[in-house]
Q: 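This structure is in structure tokens; I'll ask about it shortly.
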Amino acid sequence: MQIYLVPVAVTQARVQLLAEQAAKAPPRIINDAVLDVFAAKNQVERDAIVDIKA
């Protein structure tokens, strides 16, 4: 079984999303938080690809 580490940026984005959901933030704010999670994941994947190519 492989274990994948979750980068700090992704974890922070997820925590922020949960905090905003718990605070009953407006849908626009929650949508922005969801996009932040995906953006953090994408950036980590891009950085990993660059590291592999280097």
Side-chain angles (χ1 to χ4, degrees):
M1 178 168 84
Q2 292 183 347
I3 298 174
Y4 296 98
L5 298 177
V6 178
V8 173
V10 175
T11 302
Q12 288 174 342
R14 287 180 179 167
V15 168
Q16 184 63 37
L17 172 61
L18 290 175
E20 290 170 353
Q21 287 175 331
K24 303 290 185 195
R28 181 184 58 79
I29 302 294
I30 292 175
N31 287 339
D32 288 345
V34 169
L35 292 175
D36 289 343
V37 171
F38 284 114
K41 284 180 172 181
N42 288 336
Q43 186 61 45
V44 168
E45 289 176 1
R46 282 190 209 110
D47 292 344
I49 289 171
V50 168
D51 287 343
I52 290 171
K53 289 182 178 180

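Just so we're clear, the structure is a prediction, and the values are computed from it rather than from any experiment.
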Q: With distance as the sole criterion, is a donor-acceptor pair present between the side chains of Q16 and Q12 under 3.5 Å?
A: no
Q: Using the test side-chain contact (heavy atoms from CB on, under 4.5 Å), find all partners of N42 that sit at least two apart in sequence or belong to another chain.
A: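 Listed in chain order: E45, R46.
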Q: Linking directly or through intermediates, with side-chain heavy atoms under 4.5 Å: list the remaining ILVMFWY members grouped with V6, chain and number order.
A: V10, V44
Q: Quick check on side-chain contact (heavy atoms from CB on, under 4.5 Å): which of Q21, K24, E20 does I29 satisfy it with?
A: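 Answer to the side-chain contact (heavy atoms from CB on, under 4.5 Å) test with I29 among Q21, K24, E20: E20.
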Q: Give me the atom names and distance for the closest heavy-atom approach of A13 to A40.
A: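 Looks like CB-CB, 4.4 Å.
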Q: Check which hydrophobic residues are tied to F38 through side-chain heavy-atom contacts below 4.5 Å, counting indirect links as well, and list them.
A: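 Other cluster members: L17, I30, V34, V37.
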